[in-house]
2 protein chains.
Amino acid sequence: MVSSPLDVLVRKLESIGPLSKDEQKAIYALPLSIRSVPEHQDVVHDGDRPTQSCVVLEGFLCRYKQLPDGTRQIHSIHVPGDMPDLQSLHLNVMDHGLATLTASKVAFIPHAALRKLMSEQPRVSDALWRDILVDAAIFREWIVNVGAREAYARLAHLLCELFLKLRAVGLSQDFTFQLPITQAELADATGLSTVHVNRSVMHLRSAGLITWERGECKIENWDELKRVAMFDPTYLHLNGEAKAA
Amino acid sequence: MVSSPLDVLVRKLESIGPLSKDEQKAIYALPLSIRSVPEHQDVVHDGDRPTQSCVVLEGFLCRYKQLPDGTRQIHSIHVPGDMPDLQSLHLNVMDHGLATLTASKVAFIPHAALRKLMSEQPRVSDALWRDILVDAAIFREWIVNVGAREAYARLAHLLCELFLKLRAVGLSQDFTFQLPITQAELADATGLSTVHVNRSVMHLRSAGLITWERGECKIENWDELKRVAMFDPTYLHLNGEAKAA
DNA sequence: CGATCCTTTGAGCGAACTCAACTCGGGTGG
DNA sequence: CCACCCGAGTTGAGTTCGCTCAAAGGATCG
């Protein structure tokens, strides 16, 4: 059993659909440049024209836009295994920023190597495309989240999603996962104020749905959390085994 | 000059990047089944497993989700030239519905024919992928819209986007375009109540930014509308000529 | 020429916001 | 080793944006 920095990427892709040993090997053979990035720092800037795409190896990243009036809206949170700027392969210019939420380790892969891989390994290509499409499905659900759910349910939904994403790559046991981000960042992700995020988190705690201390979050009542979140995991398009709760 | 029902699709794809005559011919050669759909009717249901994808030829469609509590959130509005369920090519199950907002004409293309086209015409394949990626970019902007903009700016932004999308396929002259949808539908798209949409629309009118009568909308002050909307068209990834305002 | 759907307006309410202060824990330097 | 400092979390009070409920005008169409 080989161990590669890209194991987590393979696990992620396999959470959507299986890959053969050969296909996995082709992924492991990708040329990488690995970089450690401190917290709260841009990995890719809005307006950049990247020539490589990145894979999250460790830590949490987010994609965001900053409006002229100063508000920042986070529109996705990325965990190990994600490729948050894969779209730069086809869209030349970044229409948003990509930043670390926590100190992270990120692998960069030149576009040329990715294109070569995708043309030589059509099933890997399919897997990457599916990944992008699931990403888009998550965006859709986030529109629903910020547009249609009240604060309490909105927070609950975000936690449901993060939990399943992390578990799919083996980063959660017993309904427990690392959540080393601030409430202000949750606020930017949910379109709420920090104060109101705090009140909603307190409410989730007092309702016995979660605990969250020192960056570790535990879901204490998964069924009830899903219910108040109106959470339907279909949009994550996880395969069977990953889906079973 | 041939005229094909898919002209509008070619125009749409060319608004993102050019296509050769051969590539256009390959698109025109796609097998179609064209269907007229009355207003307010599902074209594809949530949970479906489509074996074909569709192209909007005439009318307005939307993608939406319905929550258990009854609220409907629209997460995209589609105009002629759009392929609103292209993702079903790679994601088997629909995680949302696709419905007409107005009486529409829709062309269905079997997945098999699309796959064949995409394998034989790599540049058409690229164009379709770019289309999907622009779609995802629009989702991201909608997250920002419902999450970070106040009602007035939110409506303004939606109008800016619709205008540019319609103009890109030749469906707008002189800042005028058909907008035959109800305020209740705008409410579902913006995460606002109908009443508040109405007040915001009235405000846009009284500020001299738009007129909107009998399904026809005219932008009276494009610069100011863009400004109040905090509208930056980068995310639409339109090519140069289409971008020029 | 009702019937119906959409828009418009009024009034009161409530969820979420802002501003501000206080707490707590961890880090840092004197 | 302790004082302090800073960022994050927490809590209170007042405000506001957007919501609900309700009803009155248009438009459109059998």
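Nothing here was measured: the structure is a model prediction, and the numbers come from that model.
- Side-chain atoms of B/Q73 and B/H96 form no donor-acceptor pair, as typed in the model, at a separation below 3.5 Å.
- Classification of the A/W222-A/F163 ring pair by plane angle, with boundaries at 30° and 60°, yields perpendicular.
- Within the 4.0 angstrom heavy-atom criterion, no nucleotide atom of any strand lies near A/R154.
- Side-chain proximity of A/R205 to the nucleotides C/dC6, D/dT10, C/dA11 is greatest for D/dT10.
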task: Starting at the 5' end of nucleotides 22-30 of chain D, put B wherever the base has a protein heavy atom under 4.0 Å, S where only the sugar-phosphate does, and a dash everywhere else.
output: ------S--

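- Atom P of nucleotide D/dT10 and atom NE2 of A/H196 are separated by 15 Å, given to the nearest angstrom.
- Distance B/E185 CD to C/dC5 P: 14 Å, rounded to the nearest Å.
- Partners of B/R140 by salt bridge (charged side-chain N to carboxylate O under 4.0 Å, His left out), not counting sequence neighbours, listed by chain and number: A/D95.
- Listed nucleotides C/dC17, D/dG18, D/dT11 differ in distance to A/N198; the shortest reach to its side chain belongs to D/dT11.
- Taking every side-chain heavy atom of A/Q183 into account, D/dG9 is the closest of C/dT7, D/dG9, D/dC19.
- Between B/Y235 and B/H157, the two ring planes are parallel [angle under 30°; tilted spans 30° to 60°].
- Backbone-only contact: A/T182 has heavy atoms under 4.0 Å from sugar-phosphate atoms and none from a base.
- The side chain of B/S193 sits closest to D/dT20 out of D/dT20, D/dT11, C/dC17.
- Using a 4.0 Å cut-off between charged nitrogen and carboxylate oxygen, B/K12 and B/D82 count as a salt-bridge pair.
- A donor-acceptor pair shorter than 3.5 Å cannot be found between the side chains of B/T176 and B/D174.
- Closest to the side chain of A/R199, out of C/dT18, C/dT7, C/dA11, is C/dT18.
- Side-chain contact check for A/T234 and A/D232: at least one donor-acceptor pair (N or O, by modelled atom type) lies under 3.5 Å.
- The nearest whole Å value for the distance from the CG atom in A/L186 to the C1' atom in D/dT10 is 15 Å.
- Atom-to-atom, CD of A/E39 to P of D/dG7 comes out at 11 Å; the value is rounded to the nearest Å.
- Here B/G215 lies out of heavy-atom contact (under 4.0 Å) with every strand.
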